[in-house]
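Worksheet: one structure, shown below.
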Amino acid sequence: MSTDVTAVVVRLKLSLLRNGLRQSAGRRAAYIASAVLVLLFAALQFLGLVLLRGNAHADSVVVLLVAVLALGWAVMPLFFPGGDETLDPTRLVMLPLRPKPLVRALLAASLVGIGPLFTLCLFAGSVIAVARGAVAYVVGVIGVVLALLVCVALARAVAAANIRLLTSRKGRDLAVLSGLVIAIGAQLVNFGAQRLGSAGLGELDPAAEVLRWVPPASAIGAVKSVSEGAYGVGLLQLALSAGALVALIAVWSRHLTRLMTAPDGSTLQAATESAVRERTSTGLARLLPAGRTGTVVERSLRYVWRDPKTKAAWVTSLAIGLIVPLFNALQGTGSIYFACFAAGMLGIQMYNQFGQDTSAFWMVAMTISSPRDAYVELRGRALALLLITLPYAALVTVLTTALLGDWPKLPEVLGLSFALLGAMLATGAWTSARFPYSIPQEGYKNVAPGQAGLAWISIFGGMIAAALLCAPVIAVTIWLNVSENGDTWTWLLLPAGTAYGAALTWLGLRLAAPRTAARLPEILAAVSKG
């Protein structure tokens with residue numbers, strides 16, 4: 001019976017892949033191109049691992065590689081729950097299937113795809129890099145199988161444990177964290193590569209000594225142990241990976257049984273609570289000013305917290321605005337002026353303010369009947385952005401200054417950051433009225449078809465204008481730094497830059513308000529296009 005179920009589920013996985021490719025030629029071309037690129041990268045990695053054979057630190061490299069791949073298998077279901085339809089076992093709840101046969105079937109189906117093939121290539125290259133002797137290669141084959149099965153079982157167990165969350169509307173918002181993880185991961189890889197380039201692969205040995213006992217890296221670590229004649233150590237490392245596989249399958253089976261037999265109690269409880277819960281104002285609402293300004297601020301902050309696309313943009317900007325200056329400072333190659341990057345990244349959020357509302361902007365448009373109404377609306381949106389950006393930009397500047405130890409320049413960098421933020425708020429308000437565009441709510445596109453030109457003009461044109469508006473503050477900063485006694489006056493750049501940024505914001509809002517009120521029908525048509 002289990003064999004039949006396994007064959008059926010594997011054929012189901014192949015059918016899902018095939019039918020997905022039949023939907024359109026574009027999707028088929030994208031899949032084939034991505035598959036070719038992934039396999040090419042896997043082949044290059046395999047060749048690199050083979051060439052690593054004979055290096056004194058090859059075992060440290062492969063152990064860390066396996067650990068990183070296992071971590072990737074663990075987190076991918078959280079960020080991309082829709083990447084594999086078979087990850088959702090709730091689709092099979094109506095079928096008369098027992099958990100154990102279903103676990104074996106889903107485990108076999110999980111081995112079908114580009115991801116498992118990519119992982120297999122890297123594991124095979126890792127074994128070739130460290131194996132010495134026939135026994136080591138035999139252990140290597142067993143280790144590769146164990147390591148691959150542990151990675152797959154880990155992904156399945158994580159998905160099964162969180163499937164109720166991942167398939168809910170709020171749970172899908174986890175995908176916005178992928179931008180944060182990718183940004184941090186890229187900087188960590190860059191930082192690590194630079195450290196290895198200067199210090200050598202020996203830097204990996206301390207971490208590898210620990211990870212060679214952590215499954216599934218222990219399965220590949222066993223190959224090195226057997227190659228050195230430590231058969232007992234190698235057997236113990238294989239046993240650790242085998243035990244981890246058994247434990248993961250048991251956890252997976254338990255969650256699978258619960259999913260297949262129990263009702264969605266969390267949803268029922270949430271529905272019951274929402275039916276009896278009284279809506280009250282949040283603590284933040286009580287702190288905001290009364291009237292339209294406070295309402296606009298609260299609405300804008302709710303969009304940041306609840307709307308997936310808006311949240312994704314904010315998470316990415318917050319992450320990159322912090323990572324770029326701090327990582328450059330940690331590497332010893334940064335400048336304190338990189339801290340202005342934080343204000344610049346968050347200032348971009350002021351652009352296309354009405355497009356972020358999408359078709360719901362018509363409700364806002366109904367309340368704007370004069371330039372005064374438009375001004376208050378824009379002012380409230382700018383205040384909402386400032387509530388986050390001002391403390392964030394100050395924090396990033398202080399952290400960067402602390403890492404570089406250049407405290408005398410802190411006031412001038414803060415002044416530059418606040419001036420840049422004010423310039424971006426001003427240009428963002430104006431371009432929001434002049435070049436609005438729609439943001440599709442579905443998929444990964446951030447611009448509706450046919451509006452890419454508007455987006456480019458709005459964002460990059462506004463950024464260039466903001467840089468030009470900041471030119472006076474930049475010129476004064478340069479002059480004070482090159483003049484003979486200018487260091488004693490650089491502290492004035494903090495109040496001057498703050499005042500200049502505030503004046504630019506006020507002027508930008510004032511100029512954008514009449515245009516917003518006059519172009520409401522055009523703005524509504526543009527932002528509702530997607």
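Excluded from the calculations below are hydrogen atoms, water molecules and symmetry mates; all remaining heavy atoms, backbone and side chain alike, are included.
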Heavy-atom pair of closest approach, residues Thr427 and Gly462: OG1-O, 3.4 Å

Return the CD1 to CG distance between Ile32 and Leu37, rounded to the nearest 0.5 Å. 12.0 Å

Within the side chain of Tyr303, is there an N or O that forms a donor-acceptor pair under 3.5 Å with the backbone of Thr310? no

For the OH atom of Tyr337 and the CD1 atom of Ile474, what is their distance to the nearest 0.5 Å? 11.0 Å

Atom CG of Leu65 and atom CZ of Phe123: how far apart are they, to the nearest 0.5 Å? 7.5 Å

For Gln45 and Cys121, indicate whether the former's side chain and the latter's backbone hold a donor-acceptor pair under 3.5 Å. no

Counting only heavy atoms from other residues, nucleotides and ligands, does the tally under 6.0 Å from CH2 of Trp213 exceed 12? yes

For Ala343 and Leu421 the tightest heavy-atom approach is O-CD1, 4.1 Å

Under the side chain to side chain contact (heavy atoms under 4.5 Å, CB included) criterion, do Phe435 and Ile459 qualify, and how do the steps go? CA-CA 9 Å; Phe435 303 107; Ile459 296 176; over 6 Å; no

Atom pair CG (Leu106) and CZ (Arg104), whose distance is rounded to the nearest 0.5 Å: 11.5 Å

Do the side chain of Lys311 and the main chain of Val304 share a donor and acceptor less than 3.5 angstrom apart? no

Donor-acceptor pairs under 3.5 Å, side chain of residues 228-249 to any protein atom, not counting sequence neighbours: which ones?
from	atom 1	to	atom 2	distance (Å)
Glu228	OE2	Lys224	NZ	3.3
Gln237	OE1	Ala222	N	3.2
Gln237	OE1	Ser225	OG	2.8
Gln237	NE2	Arg212	O	3.2
Ser241	OG	Ser218	OG	2.7
Ser241	OG	Ala219	N	3.2

Does Tyr392 use its side chain to pair, donor to acceptor, with the backbone of Leu322 at less than 3.5 Å? yes

